[in-house]
Amino acid sequence: MKVCLSSTGTTLDSNVDPRFGRCAYFIIYDTSTDTFEYYANESRDAMGGAGIQAAQKVIEKGAEAVISGNIGPNSFKVLQSAPGGPVKIYSGVSGTIRSAIAQLKNNELKPVTSSSVQSHYGMGSGMGRS
Amino acid sequence: MIISVASGKGGTGKTTVAVALARSINYCQFIDYDVEAPNASLFLKPDIKYIKKVTIRQPYFLTNTDKSFKRCADFCHYNAVASIGDEVVFFSELCHGCGGCILVGPEGAVREKDVEIGEISKGFCPPGINFLMGNLKPGNMRTPTVQNELEKNIEYDNHVIIDCPPGTSCSMVMSVKNSDFCILVTEPTPFGLNDLMISVDVLKNLKIPFGVIVNRFGIGNDEVLNYCKNNNIKIIAKIPNDLNIAKYYSKGLSLIDFDPIWKNKFNDIISEIEKEVLKK
Ligand code: SF4
């Protein structure tokens with residue numbers, strides 16, 4: 001199974017990035033071969049809808065599951081509409097990529113069925129109205 | 001004459017001042033420009049007589065036609081369109097209605113329709129306040145579009161009091177840009193001062209004359225007063241920090257109900273502003 005993780009860096013010792021849409025990198029990990037590739041998240045500087053763009057890319061990459069710290073409702077909606085069926089979403093995960101994969105393999109992660117943060121979490125709107 | 005009431009920081013008493021001004025002159029137009037969270041109607045209790053929907057044009061996508069909408073998704077600067085396979089996920093709240101996806105998308109498969117984003121309401125509060133407010137649907141980003149609709153209804157030949165949204169973003173600029181004078185309401189705290197300084201910069205840039213009303217006078221420190229003094233900014237009034245004023249407020253009553261003396265004070269304030277505006 002191909003799993004996509006939001007990551008702060010490009011190795012298995014990087015941390016799971018708490019933000020999905022605005023993370024630094026995505027790591028695509030293949031649990032059947034234990035290999036991975038990574039790509040920089042081009043959506044991180046998007047004006048808005050970063051998660052929407054990032055989620056489209058994740059689907060294009062063929063990931064069947066996503067692991068991240070927080071996944072907003074818009075990204076959620078897109079991930080749910082993948083042509084091969086909804087992408088499994090594991091949110092609220094922290095620590096290194098390596099440990100997240102280990103937890104996934106040990107069935108310690110529970111997929112979530114609704115988004116963990118409000119829309120625009122990543123835009124700083126939490127700081128009062130701007 | 002248009003007087004706007006603004007504040008950098010929310011919750012400083014902007015609406016309190018705006019309502020008290022309107023209730024002091026009694027014959028004017030009152031506009032609540034805070035379309036994201038309008039609340040002046042709680043105090044003025046207008047009889048709403050007219051409501052008009054505000055709409056924008058937004059695209060819709062004819063899917064199931066084997067056409068790809070990927071170019072729409074790539075084009076949209078606001079990422080309001082996601083294209084997955086031949087499916088489309090559209091985020092109406094993010095769409096600015098620019099029409100770009102119609103131009104770049106598969107011919108005939110992206111159409112346009114009217115979508116409601118809010119409304120404006122007109123009402124009346126005796127004896128002579130023409131009330132106007134805007135309401136943006138929750139989650140929508142098109143604040144200025146609703147404000148534009150308000151702007152079309154400004155009664156330029158009347159006294160106009162504008163209650164602005166808090167902050168100094170574009171929605172605040174939209175609210176103050178037509179005014180002859182702006183009253184900045186602040187509180188004498190470090191937060192109040194910080195946000196006051198930002199508002200002052202904005203108004204100076206817009207070349208709108210302004211003065212300051214210090215609310216909850218008595219709390220905090222002297223920094224706001226010193227800042228105004230050092231920068232030659234006029235302090236129009238100080239409203240004392242009084243629990244009873246807050247109690248009146250929480251019941252939807254105004255400063256004038258609390259102490260009628262404010263009616264005279266605000267009338268004086270308006271006469272003085274008028275003199276200053278006419279001097280120009
Ligand atoms: S109309 Fe403009 S903003 Fe709206 S979805 Fe199309 S391209 Fe994006």
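Scope of the values below: all heavy atoms of this structure, side chains included, with no hydrogens, waters or symmetry mates. Throughout, a chain's letter reflects where its sequence line sits, starting with A, and its residues are numbered from 1.
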*What heavy-atom pair brings A:Ser81 and B:Ile84 nearest, and what distance separates the two atoms?*
O-CG2, 4.0 Å

*For B:Asn64, does the CG atom sit with more than 12 other heavy atoms under 6.0 Å from it, leaving out its own atoms?*
no

*Checking heavy atoms, do the side chain of A:Ala55, its backbone, both or neither come under 4.5 Å from chain B?*
neither

_Within this structure, what is the CD-NZ distance for the pair A:Glu60 and B:Lys70, rounded to the nearest 0.5 Å?_
4.5 Å

*Can you tell me if NZ on A:Lys57 sees more than 12 non-hydrogen neighbours from other groups inside 6.0 Å?*
yes

_Atom OH of residue position A:Tyr39 - does it have more than 12 heavy atoms of other residues, nucleotides or ligands inside 6.0 Å?_
yes

_B:Phe91, CZ: over 12 other non-hydrogen atoms inside 6.0 angstrom_ = yes

*Please flag which part of B:Ser83 lies under 4.5 Å from any non-hydrogen atom of chain A: side chain, backbone, both or neither.*
both

*Does CD in A:Glu42 sit with more than 12 non-hydrogen atoms of other residues, nucleotides or ligands closer than 6.0 Å?*
no

*List the atom of A:Val78, the atom of B:Ala82, and the distance in Å for their closest heavy-atom pair.*
CG2-CB, 3.8 Å

*Structural part of B:Lys9 lying under 4.5 Å from a heavy atom of chain A*: neither

*Determine yes or no for a side-chain-to-main-chain donor-acceptor pair under 3.5 angstrom, with B:Asn79 supplying the side chain and A:Ile52 the backbone.*
no

_Shortest non-hydrogen contact between A:Lys77 and B:Val89, atoms and distance_ = CE-CG1, 4.0 Å

*asked:* Is it true that, when you exclude A:Tyr25 itself, more than 12 heavy atoms of the residues, nucleotides or ligands shown sit nearer than 6.0 Å to its OH?
replied: no

*Pairwise distance CD(A:Gln53) to OH(B:Tyr78) - rounded to 0.5 angstrom*: 13.5 Å

